[in-house]
Amino acid sequence: MTFSERLFQKVSDIWEKTHQHPFVVGMGKGDLPVESFIRYMKQDYVFLIDYSKLFAFGTVKARDIETMAAFAKLLHETLHGEMDLHRQYAEKFGITQEQLEETKPTPMNLAYTRYMLNVAQNGSLEELISALLPCMWSYWEIGKMLAKEYQGASNHYLYGEWVKMYSSDEFGALAQWLIDLLNQLTEGKPEWELTILEEHFLTTSRFEYMFWDMVYQGGEWPV
């Protein structure tokens, strides 16, 4: 069993609950309230600003030029692919780029990104990957699930572009590269190190579920 297969088994219950979350199901059925999607779009935009920095850390911690270049590509694709999708959606809703960038992250958003940034700054390359991977990998799984199980989800006038991006072979190839790299880096690692990586993966998988819950229900500062 590869380490990624071990991780996939470990988080299967968490990811299944994520797939059944009303926000995710709402995108598939096409009946997600627009205000929830707008909240998601704005919070995910500011999330991606910090998430992009993780790939920059990956470039710094990489041990060869090929890996450095691959992390640089991930950084570029996030800044000019995923974030462009958010800008396009914002334009549909009459939200300016300035308004997007002025969005204040919710407490949950801050907790999630600060956890990953702390791992990136203080941990190994393997720790960095294990912390950031659930976001990319779970999005790919969600995209594929929605495209497969909900007829017309990829063509929905609002949510179809989201489904098409995250179910695409292009996005999947980026996630798969990270999965393969983590498998390579963990070969022969002692169990105590693998346990640390597993805990990072579990923690950020839980944060992923909490992010969906936050953008569906709200989650601003109470005071």
Side-chain angles (χ1 to χ4, degrees), residues 2-8 11-12 14-15 18-19 24 27 40-41 43-89 112-113 115-117 119-120 123-148 153-154 159-187 197 200-205 207-209 211-212:
T2 64
F3 186 58
S4 65
E5 289 171 337
R6 166 177 163 172
L7 293 176
F8 190 80
V11 299
S12 59
I14 298 173
W15 284 13
T18 301
H19 287 189
V24 175
M27 284 198 293
Y40 160 79
M41 179 183 61
Q43 284 298 315
D44 199 50
Y45 187 85
V46 294
F47 171 90
L48 287 173
I49 293 173
D50 281 330
Y51 194 69
S52 298
K53 297 174 185 177
L54 301 173
F55 299 128
F57 275 110
T59 303
V60 172
K61 291 178 181 285
R63 296 156 193 166
D64 57 74
I65 292 177
E66 181 181 0
T67 306
M68 290 176 67
F71 272 111
K73 180 180 179 181
L74 283 168
L75 174 60
H76 182 273
E77 291 298 328
T78 304
L79 291 174
H80 300 285
E82 285 191 81
M83 294 182 77
D84 276 350
L85 179 65
H86 289 64
R87 296 181 189 108
Q88 291 167 19
Y89 270 123
Y112 186 7
T113 56
Y115 179 87
M116 290 189 292
L117 287 168
V119 173
S124 64
L125 178 60
E126 294 88 336
E127 287 184 84
L128 167 61
I129 297 170
S130 65
L132 69 83
L133 182 55
C135 181
M136 289 191 68
W137 192 356
S138 69
Y139 266 49
W140 184 30
E141 295 295 329
I142 289 170
K144 290 186 294 181
M145 181 274 293
L146 293 178
K148 179 181 178 181
S154 299
Y159 310 132
E161 290 302 317
W162 193 99
V163 176
K164 282 190 283 190
M165 166 170 276
Y166 292 110
S167 64
S168 69
D169 292 339
E170 293 78 11
F171 184 81
L174 298 175
Q176 188 63 55
W177 178 80
L178 275 174
I179 293 168
D180 293 341
L181 179 59
L182 185 60
N183 284 333
Q184 175 188 333
L185 292 172
T186 52
E187 287 183 7
L197 304 181
H200 288 319
F201 195 86
L202 282 166
T203 297
T204 52
S205 291
F207 269 127
E208 275 296 309
Y209 179 89
F211 193 98
W212 291 117

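In this text the structure is predicted, and so the values were computed from the model without any measurement. Only heavy atoms go into these numbers, but all of them, side chains included; no hydrogens, no water, no symmetry mates.
- Interatomic distance, OG1 of Thr203 versus CD1 of Ile14, reported as 8.5 Å (0.5 Å rounding).
- For the residue pair Tyr166 and Glu82, a side-chain donor N or O sits within less than 3.5 Å of a side-chain acceptor on the partner.
- The shortest side-chain heavy-atom distance between Thr2 and Ile179 does not fall under the 4.5 Å cut-off.
- Using a 4.0 Å cut-off between a side-chain N of Lys or Arg and a carboxylate O of Asp or Glu, Glu126 and Arg63 qualify as a salt bridge.
- Across every non-hydrogen atom of Leu54 and Ala120, the tightest pair is CD2-CB, 3.7 Å.
- Looking at Asp50 and Leu117, their side chains come closer than 4.5 Å, going by heavy atoms from C-beta outward.
- The distance from atom CG of Leu7 to atom CG of Leu197, rounded to the nearest 0.5 Å, is 8.0 Å.
- The minimum heavy-atom distance linking Ser4 with Asn183 is given by the pair N-OD1, 2.8 Å.
- Atom CG in Leu132 sits 13.0 Å away from atom OG1 in Thr113 (nearest 0.5 Å).
- Counting only heavy atoms from C-beta outward, the side chains of Leu185 and Leu125 approach each other to under 4.5 Å.
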Practice item. Apply the test side-chain contact (heavy atoms from CB on, under 4.5 Å) to residues Met83 and Ile49: give CA-CA distance (whole Å), side-chain angles for both, the deciding distance (0.1 Å), then the verdict. Key: CA-CA 9 Å; Met83 294 182 77; Ile49 293 173; 3.6 Å; yes
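- When all heavy atoms of Glu127 and Gly123 are compared, the closest pair comes out as OE2-CA, 3.3 Å.
- Taking the six-membered ring for Trp and thresholds of 30 and 60 degrees, Phe47 and Tyr112 have ring planes inclined between 30 and 60 degrees apart.
- By the 30° and 60° cut-offs, the orientation of the rings of His200 relative to Tyr115 is perpendicular.
- Side-chain atoms of Tyr51 never come within 3.5 Å of backbone atoms of Met116 as a donor-acceptor pair (strictly under, hydrogens ignored).
- Looking at Ser205, its side chain never comes within 3.5 Å of a backbone N or O of Pro134 through a donor-acceptor pair.
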Exercise for review: Given side-chain contact (heavy atoms from CB on, under 4.5 Å), test Glu161 with Tyr89 step by step and report yes or no.
Suggested key: CA-CA 9 Å; Glu161 290 302 317; Tyr89 270 123; 3.7 Å; yes
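- A cation-pi geometry, defined here as NZ or CZ lying under 6.0 Å from the six-membered ring centre and within 45° of its normal, holds between Lys144 and Trp140.
- Contact between Trp162 and Leu85 at its shortest, heavy atoms only, is CA-CD2, 4.1 Å.
- Not less than 6.0 angstrom separates the ring centroid of Tyr209 from the ring centroid of Trp15.
- Looking only at side-chain heavy atoms (C-beta outward), Glu208 and Tyr139 come within less than 4.5 Å of each other.
- Of all heavy-atom pairs between Val24 and His19, the closest is CG1-O, 3.7 Å.
- One distance of note links CE of Met41 with CZ of Arg87; it measures 12.0 Å at 0.5 Å rounding.
- The two residues Leu79 and Ser52 come nearest to each other via the heavy atoms CD2-OG, 3.5 Å.
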Practice item. Kindly indicate, with the supporting measurements, whether the criterion side-chain contact (heavy atoms from CB on, under 4.5 Å) is fulfilled by Trp137 and Leu182. Key: CA-CA 12 Å; Trp137 192 356; Leu182 185 60; over 6 Å; no
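- Donor-acceptor pairing under 3.5 Å is lacking for the side chains of Thr18 and Trp212.
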Exercise for review: Would you please test Phe71 and Ile129 for side-chain contact (heavy atoms from CB on, under 4.5 Å) and show each step?
Suggested key: CA-CA 11 Å; Phe71 272 111; Ile129 297 170; 4.1 Å; yes
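- Ring geometry for Tyr40 against Phe211 counts as perpendicular: the plane angle is over 60°, on a 0 to 90° scale with 30° as the lower cut.
- Donor-acceptor pairing under 3.5 Å is recorded for the side chains of Gln176 and Asp180.
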